[in-house]
Amino acid sequence: MTLKGYGPDVLTVAEAYAEVFTAPPWEPRDFEETRVEFRERLETDVRRPGFRAVLALSEDGGVDGFATGWTTLAPFRTDRAYGKVTRRLGAERVNELLVGRFEIDELGVRSRARGTGLGRRLLSALSSGAPGGRAWLMTWNGAPDALAFYRRAGWREPGPLPGEETDIVVFVAPDRPDGEAPGFGAQASVHWLGGAQASGN
């Protein structure tokens, strides 16, 4: 695993993001508009407290997969889908379960690298960098493969408040007292972007 400081190089992930999130089951979107929109959003996200990203690079240097995230601060956000998270869990549980934890904002694997275990390695690499492995994420309930993936990885789903079911599902990382990430296979090299993290296998 190579340690790198984040900077303009992280923006190369935008094309991979667009490929992943303009394909089913995600809602149809224009590829180029999605790429530009994510790149612009990422330029802001890299300045968030605790921002880190992990890129999985193929032998030719292309991006096969990615994961990005940052520390969730108070007050809890209300933009994007965050309002649905508060509605689903309630403000008290949001503060208890999410604020102060590391949020996995985006995770994606290009079609050419699926079925290799790369998604789980990216998730483990990014979430294990959080203190005690304390992390969370949200995803769309219309993506059954994503829901199954996080459940298989042992992530837990806080149930919604009565009558407050939404199309956004929240997952909290399993407790990992040692904070250690599982070993990484040899299918791709994983690059840290941002923060000082110990190198892995």
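The basis for the numbers below is simple: all heavy atoms, side chains too, and nothing from hydrogens, waters or symmetry mates.
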**Student:** Once rounded to the nearest 0.5 Å, what's the spacing between atom CZ of Phe171 and atom CH2 of Trp155?
**Tutor:** 9.5 Å
**Student:** What are the two closest non-hydrogen atoms of Ala113 and Asp64, and how far apart are they?
**Tutor:** CB-CB, 3.9 Å
**Student:** Checking Arg114 against Ser111 for the side chain to side chain contact (heavy atoms under 4.5 Å, CB included) test, could you report, in this order, the C-alpha distance in whole Å, the side-chain angles of both residues, the deciding distance, and whether it holds?
**Tutor:** CA-CA 5 Å; Arg114 289 178 190 159; Ser111 57; 4.1 Å; yes
**Student:** To check you understand the geometry: which heavy-atom pair defines the closest contact between Ile168 and Met138, and what is its length?
**Tutor:** CG2-CB, 3.7 Å
**Student:** Hey, what do you get for CD (Glu157) to OG1 (Thr139), rounding to the nearest 0.5 Å?
**Tutor:** 10.5 Å
**Student:** Sorted by first residue and then second, give each side chain to side chain donor-acceptor pair (under 3.5 Å) pair with at least one member in residues 26-35; sequence neighbours left out.
**Tutor:** Glu32-Arg35
**Student:** With side chain to side chain contact (heavy atoms under 4.5 Å, CB included) as the criterion, how do Val109 and Leu122 come out once you've worked through the C-alpha distance, each side chain's angles and the decisive distance to 0.1 Å?
**Tutor:** CA-CA 9 Å; Val109 176; Leu122 289 167; 4.2 Å; yes
**Student:** Do any N or O atoms from the side chain of Arg47 and from the backbone of Glu43 form a donor-acceptor pair under 3.5 angstrom?
**Tutor:** yes
**Student:** Does the side chain of Phe51 reach to within under 4.5 Å of the side chain of Leu42, using non-hydrogen atoms?
**Tutor:** yes
**Student:** Search all heavy atoms of Glu165 against all heavy atoms of Pro160 and return the closest pair with its distance.
**Tutor:** OE1-CG, 3.3 Å
**Student:** Return the CG to OG1 distance between Asn141 and Thr166, rounded to the nearest 0.5 Å.
**Tutor:** 7.0 Å
**Student:** In Å and rounded to the nearest 0.5 Å, what is the CG to CG distance from Leu89 to Leu98?
**Tutor:** 6.0 Å
**Student:** Can you see which heavy atom on Ala153 is nearest to which on Pro174, and at what distance?
**Tutor:** O-CG, 4.2 Å
**Student:** For Leu123 and Leu137, run side chain to side chain contact (heavy atoms under 4.5 Å, CB included): C-alpha distance rounded to whole Å, both residues' side-chain angles, the deciding distance at 0.1 Å, then the answer.
**Tutor:** CA-CA 10 Å; Leu123 179 64; Leu137 60 87; 4.2 Å; yes
**Student:** Charged N to carboxylate O below 4.0 Å: is that the case for Arg87 and Glu164?
**Tutor:** yes
**Student:** Given Arg77 and Val85, is the side chain to side chain contact (heavy atoms under 4.5 Å, CB included) satisfied, shown in steps?
**Tutor:** CA-CA 10 Å; Arg77 293 169 60 180; Val85 171; over 6 Å; no
**Student:** Write down the atom of Leu118, the atom of Ala56, and the distance for their closest heavy-atom approach.
**Tutor:** CD1-CB, 3.5 Å
**Student:** Kindly state each residue pair satisfying ring-ring contact (aromatic ring centres under 6.0 Å, His included) with at least one member in residues 77-112, sequence neighbours excluded.
**Tutor:** Phe76-Tyr82
**Student:** Out of Val170, Thr86, Thr72, which residue meets the side chain to side chain contact (heavy atoms under 4.5 Å, CB included) rule with Val94?
**Tutor:** Thr86
**Student:** Atom CZ of Arg101 and atom CH2 of Trp136: how far apart are they, to the nearest 0.5 Å?
**Tutor:** 11.0 Å
**Student:** Which atom names give the shortest non-hydrogen contact between Gly62 and Arg112, and what distance separates them?
**Tutor:** C-NH2, 3.9 Å
**Student:** Under 4.5 Å between any side-chain heavy atoms of Pro25 and Asp145, yes or no?
**Tutor:** no
**Student:** Does a side-chain N-to-carboxylate-O contact under 4.0 Å join Arg52 and Asp105?
**Tutor:** no
**Student:** Quick one: does Arg156's side chain have a donor or acceptor within less than 3.5 Å of a partner on Arg151's backbone?
**Tutor:** no
**Student:** Can you give the donor-acceptor pairs under 3.5 Å from side chains of residues 13-24 to other protein atoms, not counting sequence neighbours?
**Tutor:**
from	atom 1	to	atom 2	distance (Å)
Tyr17	OH	Arg41	NH2	3.3
Glu19	OE1	Arg110	NE	3.0
Glu19	OE1	Arg110	NH2	3.1
Thr22	OG1	Ala18	O	2.6

**Student:** Rounded to the nearest 0.5 Å, how far apart are CD of Glu106 and CG of Asp45?
**Tutor:** 8.0 Å
